[in-house]
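Computed from heavy atoms alone, side chains included, the values below leave out hydrogens, waters and symmetry copies. In this text, all values refer to a predicted model and were calculated from it rather than measured experimentally.
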Protein chains: 2
Amino acid sequence: MAKKSDNPYVVQPVMKALKVLELVARHGHEIALTAVSKELRIPKTTTFRYLQTLTAAGFLDHNRTTDRYNLGPQLRAIARADASVSKVRELARPAMIELMHEFNETVNLAVKGNGTIVYIDLVEANRSLRMQARIGDSHPMHSTALGKAILAFLPEAERQRQLDLPLTERTGRTLLEREEIERQLRQVKRVGYATELGENEDGAMCIGVPVFDEDGYPVAALSISAPLMRMPHSLAAKAGVRLREVAAGISTRLGSPPPTTAG
Amino acid sequence: MAKKSDNPYVVQPVMKALKVLELVARHGHEIALTAVSKELRIPKTTTFRYLQTLTAAGFLDHNRTTDRYNLGPQLRAIARADASVSKVRELARPAMIELMHEFNETVNLAVKGNGTIVYIDLVEANRSLRMQARIGDSHPMHSTALGKAILAFLPEAERQRQLDLPLTERTGRTLLEREEIERQLRQVKRVGYATELGENEDGAMCIGVPVFDEDGYPVAALSISAPLMRMPHSLAAKAGVRLREVAAGISTRLGSPPPTTAG
DNA sequence: AACACGAGTTTCGCCTTGCGGAATTATGGG
DNA sequence: CCCATAATTCCGCAAGGCGAAACTCGTGTT
């Protein structure tokens, strides 16, 4: 009675529960326990448990008056987040390639995670010494230009919450003093770009700018990273200005209101 | 060691697998087995199994070159379908209320399911004798005006596939002859609205029109339903024309190309 | 070139815990 | 008020999920 798959690692309860989720989702709207059970040929008790579990996890929503289930907030949130990331990546890619050629350095794109930034795309300069990051890697917010760019433009309450978390020390130069960080963030907000000098990785530096979504929220950041020795102050400033322009273009295309560059 | 929930019906493997799914999704991009395992404090073997299962179900995607996982097509499809349904419902609601007042009959909105139509919204006239349908109910395509409206505008291949399925007989008047159905569908395509007279429920009739998405695909249908006795031919024709107008407006706002009313 | 390390895959046997039939309670239509 | 249908709860069995450990494979190091 080999059923679903030849893959011996498939966990049956999980697989069946996913079928339930799928059925409910594809149904378009509110469906009752018995209907799901009949449709999937899964005993009512088992179906009941899956529906309960999916609901507890927020993937489904249980309407107590009609005793029916439909898609839950969790799934919608995931979908929205994914769509947002996809869109940012798509919009940013051409600009990133252009920037890479312009400065001949690696260009990074990251989104805001929970207390961290997560790299979602990068275009490497071929003369890059070694890879700085990989897609999917996550780094602390306070030790990267990407993170600082986002932090600076976060709503006050959320920024405070972020800075309340323990700040990990990545290198000897990583900023750990709250005072100092907040001073820098104000500076970032003023000039519109963030700089990080060997604070995340020894010998490497980075210039980052935020990308805003339609609500003016900094969902992502764009950066140019380089070995410290290859990026003098003057060039960094130039890069910052260019990044700011490019990011503003992306933000606009994401439906963002005009950037709040002014302090 | 009571963990997640006080709900005794929560199935642990399912719950944990959902956590894995959520983590991968929220990560923004490609994440490796070990990272998931560490983050969630779930043993590597177990995490491995969940990732395999989620992948087999299409909820995740396994990149074999990098050995990392990210969101899969299944989840995106579900999300897209849901967003589409939500949007249709949202756009249609005001028009439905207007139509209800105009004809003082129940107005229905349904989406195309698999071989059926599924009611996703309805606005009942208060003089309605009894409820015709409930949100979430699904009816055959060939026995309802909603279904016929959709069938008529489906791509040829898909329509044939639908009609190949066994046709259930809802009432004595339900159309079962393929010839007859296809003749009616051509007629529907010509006039732009479908009519059903006691074919789905004795004594009830319905007039339905399709709603198109941005690809010109009939994702949903709008209808007015009434007791047979209250809806003479002339009034039905008038309702058909009005529905056609209203649905065209909704289709346009969904990004649909100009309706293919011409035969 | 050999080695050490880390990541993914496979095995294996224990025993948790998921399963589903059946009993029980809630619901709502007639 | 009763009956039909649906949702919950109970319970004992054993299916199958679990995780430690062994194994493989690829990378980077000495």
Below 4.0 Å: OP1/OP2 of C:dG8 and any side-chain N or O of A:Tyr9: no
Candidate list B:His142, B:Lys148, B:Arg173, test side chain to side chain donor-acceptor pair (under 3.5 Å), partner B:Glu199, passing option: B:Lys148
Presence of A:Thr45 side-chain N/O under 4.0 Å of C:dC19 phosphate oxygens OP1/OP2: no
Any donor-acceptor N/O pair under 3.5 Å between C:dG20 base and A:Arg49 side chain: yes
Rounded interatomic separation in angstrom, taking CD1 from A:Ile42 and C1' from D:dA7: 17 Å
Whichever of A:Lys38 and B:Pro13 has its nearest DNA chain D nucleotide further upstream toward 5': A:Lys38
Rounded distance (Å) that lies between atom P of D:dA6 and atom OH of A:Tyr69: 14 Å
Spacing of A:Asp67 atom CG relative to D:dT5 atom C1', expressed in whole Å: 12 Å
Test item: side-chain donor near acceptor, B:Thr171 and B:Glu201, under 3.5 Å: no
Rounded distance (Å) that lies between atom P of D:dG16 and atom CE of A:Met15: 14 Å
Between A:Ser225 and A:Asn108, a side-chain donor and acceptor under 3.5 Å: yes
Distance-only polar pair, side chains of A:Asn70 and A:His62, donor-acceptor under 3.5 Å: no
D:dC18 OP1/OP2 closer than 4.0 Å to side-chain N/O of B:Lys16: yes
Selection from D:dT8, C:dG18, C:dA7 that lies nearest to any side-chain heavy atom of B:Val11: C:dG18
Polar side chain donor-acceptor pair, A:Asn63 to A:Arg68, under 3.5 angstrom: no
Phosphate contact (D:dC18 OP1 or OP2) by B:Tyr50 side-chain N/O below 4.0 Å: yes
Over 12 foreign heavy atoms within 6.0 Å of CD, B:Glu39: no
Any N/O donor-acceptor pair, B:Lys44 side-chain to C:dA7 base, under 3.5 Å: no
Residue mapping more 5' on DNA chain C - nearest nucleotide basis, B:Ala32 or A:Pro43: B:Ala32
Selected nucleotide, minimal atom distance to B:Leu33 side chain, candidates C:dT9, C:dG18, D:dT8: C:dT9
Nearest-angstrom distance from the residue atom CG of B:Leu51 to C1' of C:dA7: 13 Å
Per B:Thr46 side chain, nearest of listed nucleotides D:dC18, D:dA7, C:dT9: D:dC18
Out of D:dT9, C:dT9, D:dG19, whichever nucleotide has its closest atom nearest the side chain of B:Gln52: C:dT9
Distance in angstrom units between A:Leu54 CG and C:dG18 P, rounded: 14 Å
Whole-Å distance separating the CD atom of A:Gln12 from the C1' atom of D:dA14: 16 Å
Atom pair distance, as rounded to whole Å: CZ in A:Arg64 and C1' in D:dA6: 16 Å
Presence of donor-acceptor pair under 3.5 Å, side chain of A:Thr34 and base of D:dA7: no
